[in-house]
J.: 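Here it is, the structure in full.
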Amino acid sequence: MKKTMIRSAVALALLSGATQSMAADDRYIIQVDNDKKGVVKALAKKLGGEVNMDSNGFFAATFAGKDLATVKGLLNNPHVKLVEADQRRYPMGLYNDDLGDPMSQQLTPYAVYQSQANQVTFNANAGMKVCVIDSGLDASNPDFNWGAITGDNDSGTGNWFDNGGPHGTHVAGTIGAADNNIGVVGMAPGVDMHIIKVFNAAGWGYSSDLAHATNLCSQAGANIISMSLGGGGSNSIESNAFADFTAAGGLVVAAAGNDGNSVRSYPAGYPSVMMIGANDADNNIADFSQFPSCTSGRGKNVTEDETICVEVTAGGVDTLSTYPAGMAAFASASADGAGVEVSAMENTGSAAGDLYFMGTAEATDSGAAGKVCLIDRGVISFHDKVANCEASGGLGAIIVNNEPGMLYGTLGDTNSTSIPAVGTALEDRAALMAATSATVTISASDYGYMSGTSMATPAVSGIAALVWSNHPECTGTDIRNALKATADDQGAAGKDVYFGYGIVKAADADAYLTANGCGGDGGNGGNPGTDVTLDANGYKSRGDAYVDLSWGGAATSMVDIYRNGQLITTTANDNAHTDSLGKVSGSFGYQVCEQGSSVCSTTVTVSF
């Protein structure tokens with residue numbers, strides 16, 4: 001069976017339209033007063049436009065062969081407030097093969113542990129609801145609290161409960177897969193969700209679809225909007241929709257993008273949307289995670305704005321989650337009866353026999369007949385290696401990586417082989433070379449791995465719901481700020497363009513809100529019951545950054561000093577401390593607290 005691959009021509013494009021100033025297919029958004037919309041829609045149709053969708057305060061229409069300036073001229077009408085290009089939006093996920101067997105037991109993805117989500121209990125009575133705007137959530141997967149899931153159908157994309165590819169189902173599982181002894185467990189297990197399917201059969205949607213979906217999320221009573229998608233170009237109608245949702249107390253979360261460059265993707269690039277990057281299981285930034293700058297404007301008008309760049313990251317590399325039934329693949333292997341960790345490449349089936357080493361399998365080898373081929377990576381393609389094994393009479397293939405770590409790969413879009421083929425890690429090569437027999441099995445599964453900022457985004461959305469469920473009196477902005485204040489600083493010291501404030505930590509954010517209140521200040525300017533004051537002076541010497549801290553009002557003999565929400569030292573209460581940062585740039589927030597207490601100064605920020 002050829003596995004569905006997110007890394008198709010569509011998904012590889014991702015942000016390929018980032019430099020386009022108009023939709024390639026001549027589709028535009030027209031903003032208009034609702035009471036005059038009928039008149040303007042009739043005018044648009046009379047002028048050759050095809051109305052594609054209709055929402056509160058605007059509609060989208062296609063004017064074939066006409067550019068933006070022409071359409072503005074045609075719709076020069078007092079009832080028309082604005083005409084702008086309707087930008088394409090794409091899912092942001094890359095494909096990876098599957099490990100483990102969640103079909104028979106419940107597995108916890110590494111990002112749950114990394115983010116401390118397993119240390120916080122989800123309060124199902126708090127009324128949290130996450131609106132997932134993606135490719136639909138397939139009803140075939142049993143690992144959801146289906147009684148708590150609703151959705152909106154769309155005439156252009158079909159039923160919300162029918163998948164438009166595995167992306168949306170994978171995303172939803174990361175947010176809220178149930179804690180039910182099978183499959184995987186989500187960040188906020190069993191959380192209420194509302195599903196809006198915006199991607200068409202070709203795998204993309206429009207900015208107007210997202211604006212309309214935001215209205216539907218509001219109508220459904222959602223607290224959080226999660227969007228693992230993006231594209232080039234901004235427009236005001238889309239931006240205003242998210243700003244309105246945030247202003248009403250909600251939280252909007254979106255993916256930074258997967259091109260590994262500094263391009264700003266939208267909707268993540270809007271100030272009202274929290275931009276999410278991806279890290280791996282070892283706290284390294286993912287090489288595909290985009291890192292736009294935090295500055296806007298030019299020359300003397302340049303300003304720093306942390307809301308238009310990556311704010312935090314979460315696990316998004318090799319993320320295990322839910323798939324539509326049977327659309328993923330589960331791989332297993334053994335050598336001399338001992339299990340070997342492998343990743344599925346292609347072709348369902350089982351093979352068992354003597355193990356035969358074919359080197360790099362650059363040619364057929366009659367010695368492989370009736371055996372399982374052990375093959376080194378390199379020289380020729382994976383497909384050609386497996387094809388040579390099969391042509392030699394081989395029953396299955398195990399390809400060993402030529403560098404440390406698991407080998408993830410496929411046999412390409414024109415796979416002509418039929419025997420099961422898996423990849424394995426270089427670290428297992430010696431044991432395999434010493435083995436005499438092997439088994440290889442690839443079977444269909446309801447669970448699989450993907451990588452992308454698409455996977456990190458629902459992790460943060462689920463963590464936000466988890467933390468918020470224990471502090472329902474807070475707003476979405478309060479939750480956003482708490483996640484940033486308590487993120488685990490990685491990469492360069494302090495906030496940077498790759499990690500933002502760092503990797504999200506659910507338990508730390510929960511404790512922060514418990515100690516300091518929704519505003520992060522304990523309800524009394526960050527200083528409940530005392531007058532701890534703090535001054536911070538930042539400077540550089542020979543290229544290294546230093547911050548001189550001076551404080552007063554702390555009653556304990558020792559004080560805790562925090563940088564960007566993380567404890568950096570406990571020191572004597574002598575009213576002075578110098579923090580040495582090294583060669584850094586960015587913004588650093590400092591707080592001084594009485595030792596082991598939530599009695600703290602306000603946060604003072606220093607920028608370099």
Side-chain angles (χ1 to χ4, degrees), residues 113-120 279 283 306 311-314 463 467 470-471 478-496 499-538 545-582 584 586-608:
Y113 296 118
Q114 186 180 55
S115 67
Q116 304 174 335
N118 61 309
Q119 300 176 32
V120 180
N279 58 260
N283 292 349
E306 69 175 35
E311 297 186 36
V312 294
T313 68
I463 290 164
V467 173
N470 289 280
H471 304 275
D478 294 332
I479 301 301
R480 180 179 182 175
N481 290 336
L483 294 178
K484 292 190 290 185
T486 57
D488 182 18
D489 186 23
Q490 296 291 328
K495 183 178 181 294
D496 63 71
F499 284 96
Y501 282 96
I503 301 174
V504 286
K505 298 291 180 180
D508 290 346
D510 178 52
Y512 175 87
L513 290 168
T514 298
N516 300 301
C518 292
D521 59 7
N524 189 27
N527 190 18
T530 189
D531 292 318
V532 179
T533 59
L534 174 65
D535 288 319
N537 177 45
Y546 299 88
V547 178
D548 287 341
L549 303 173
S550 58
W551 65 88
T556 52
S557 61
M558 305 287 285
V559 294
D560 296 329
I561 299 178
Y562 292 84
R563 184 203 310 129
N564 291 341
Q566 301 296 311
L567 178 66
I568 59 172
T569 187
T570 298
T571 187
N573 184 13
D574 56 7
N575 302 320
H577 176 78
T578 297
D579 187 26
S580 177
L581 296 170
V584 300
S587 298
F588 304 86
Y590 289 90
Q591 232 182 349
V592 173
C593 303
E594 293 182 352
Q595 184 181 14
S597 168
S598 62
V599 177
C600 303
S601 70
T602 56
T603 299
V604 178
T605 301
V606 177
S607 298
F608 294 96

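Predicted model, so just to flag it, every value in this text is computed and none were measured.
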J.: State whether the side chain of T313 and the backbone N or O of N279 hold a donor-acceptor pair below 3.5 Å, judged by distance alone.
T.: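 Judged by distance alone, no pair lies under 3.5 Å.
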J.: Give me the atom names and distance for the closest heavy-atom approach of M558 to Q595.
T.: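 Nearest pair, atom of M558 first, then Q595: CB-OE1, 3.1 Å.
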J.: Return the NZ to CD distance between K495 and E306, rounded to the nearest 0.5 Å.
T.: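 Between K495 NZ and E306 CD, I get 5.5 Å after rounding to 0.5 Å.
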J.: List the atom of A487, the atom of V312, and the distance in Å for their closest heavy-atom pair.
T.: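 Shortest heavy-atom separation between A487 and V312 comes out as CB-CG1, 4.1 Å.
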J.: Could you pull out the closest heavy-atom pair between Q119 and A507, with the gap in Å?
T.: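 Taking every non-hydrogen atom into account, OE1-CB, 3.7 Å.
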J.: Would you mind reporting whether V559 and H577 have side-chain heavy atoms less than 4.5 Å apart?
T.: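 No, every pair of side-chain atoms sits at 4.5 Å or beyond.
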J.: Taking the side chain as every heavy atom from C-beta outward, state whether I463 and Q116 have any atom pair closer than 4.5 Å.
T.: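 The answer is no, as the side chains (C-beta and beyond) never meet within the 4.5 Å cut-off.
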J.: Contact between H471 and T514 at the side-chain level, heavy atoms closer than 4.5 Å - yes or no?
T.: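 They are in contact (side-chain heavy atoms under 4.5 Å apart), so the answer is yes.
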J.: To the nearest 0.5 Å, tell me how far L549 CG sits from T571 OG1.
T.: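 Between L549 CG and T571 OG1, I get 10.5 Å after rounding to 0.5 Å.
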J.: Can you name the side chain to side chain donor-acceptor pair (under 3.5 Å) partners of T578, sequence neighbours left out?
T.: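 Here the qualifying residues are D548.
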J.: Is there a donor-acceptor pair closer than 3.5 Å between any side-chain N or O of D489 and the backbone N or O of G494?
T.: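 Answer holds: yes.
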J.: Give me the atom names and distance for the closest heavy-atom approach of A509 to L483.
T.: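 Taking A509 first and L483 second, the nearest heavy atoms are CB-CD2, 3.9 Å.
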J.: What distance separates I503 CD1 from D508 CG, expressed to the nearest 0.5 Å?
T.: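 It is 12.0 Å, given to the nearest 0.5 Å.
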J.: Donor-acceptor check, side chain of E594 to backbone of A555, threshold 3.5 angstrom: yes or no?
T.: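 Pair found, side chain donor or acceptor close to backbone of A555.
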J.: For the residue pair A506 and V467, what are the closest heavy atoms and their distance?
T.: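 Scanning both residues completely, I find the closest heavy atoms to be O-CG2, 3.7 Å.
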J.: Taking S601 for the side chain and V592 for the main chain, is one N or O donor matched with an acceptor at less than 3.5 Å?
T.: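 Checking the backbone N and O of V592 against the side chain of S601, a donor-acceptor pair under 3.5 Å is found.
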J.: Search all heavy atoms of V584 against all heavy atoms of A545 and return the closest pair with its distance.
T.: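 Shortest heavy-atom contact: CG2-CB, 3.8 Å.
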J.: Checking K505 side chain against Q114 main chain: does a donor-acceptor pair fall under 3.5 Å?
T.: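 Yes, because the side chain of K505 sits within donor-acceptor range (under 3.5 Å) of the backbone of Q114.
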J.: Could you point out which residue of N573, D535, T533, D574 forms a side chain to side chain donor-acceptor pair (under 3.5 Å) with W551?
T.: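 The option that passes is N573.
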J.: Can you list everything that forms a side chain to side chain donor-acceptor pair (under 3.5 Å) with D560? Sequence neighbours excluded, please.
T.: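 For D560, the residues satisfying side chain to side chain donor-acceptor pair (under 3.5 Å) (neighbours in sequence not counted) are T570.
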J.: State which residues pass ring pair (Phe, Tyr, Trp, His ring centres under 6.0 Å) with Y113; sequence neighbours excluded, sorted by chain then number.
T.: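 Y113 satisfies ring pair (Phe, Tyr, Trp, His ring centres under 6.0 Å) with no other residue.
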J.: Under the side chain to side chain contact (heavy atoms under 4.5 Å, CB included) test against Y590, which residue among D579, N564, T603 passes?
T.: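 Testing each of D579, N564, T603 against Y590, the sole residue satisfying side chain to side chain contact (heavy atoms under 4.5 Å, CB included) is D579.
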J.: Before giving the answer on side chain to side chain contact (heavy atoms under 4.5 Å, CB included), spell out for L513 and I479 the whole-Å C-alpha distance, their side-chain angles and the decisive distance to 0.1 Å.
T.: CA-CA 8 Å; L513 290 168; I479 301 301; 3.8 Å; yes
J.: Are V547 and F588 close enough that some pair of their side-chain heavy atoms sits under 4.5 Å apart?
T.: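 No. Closest side-chain heavy atoms not under 4.5 Å.
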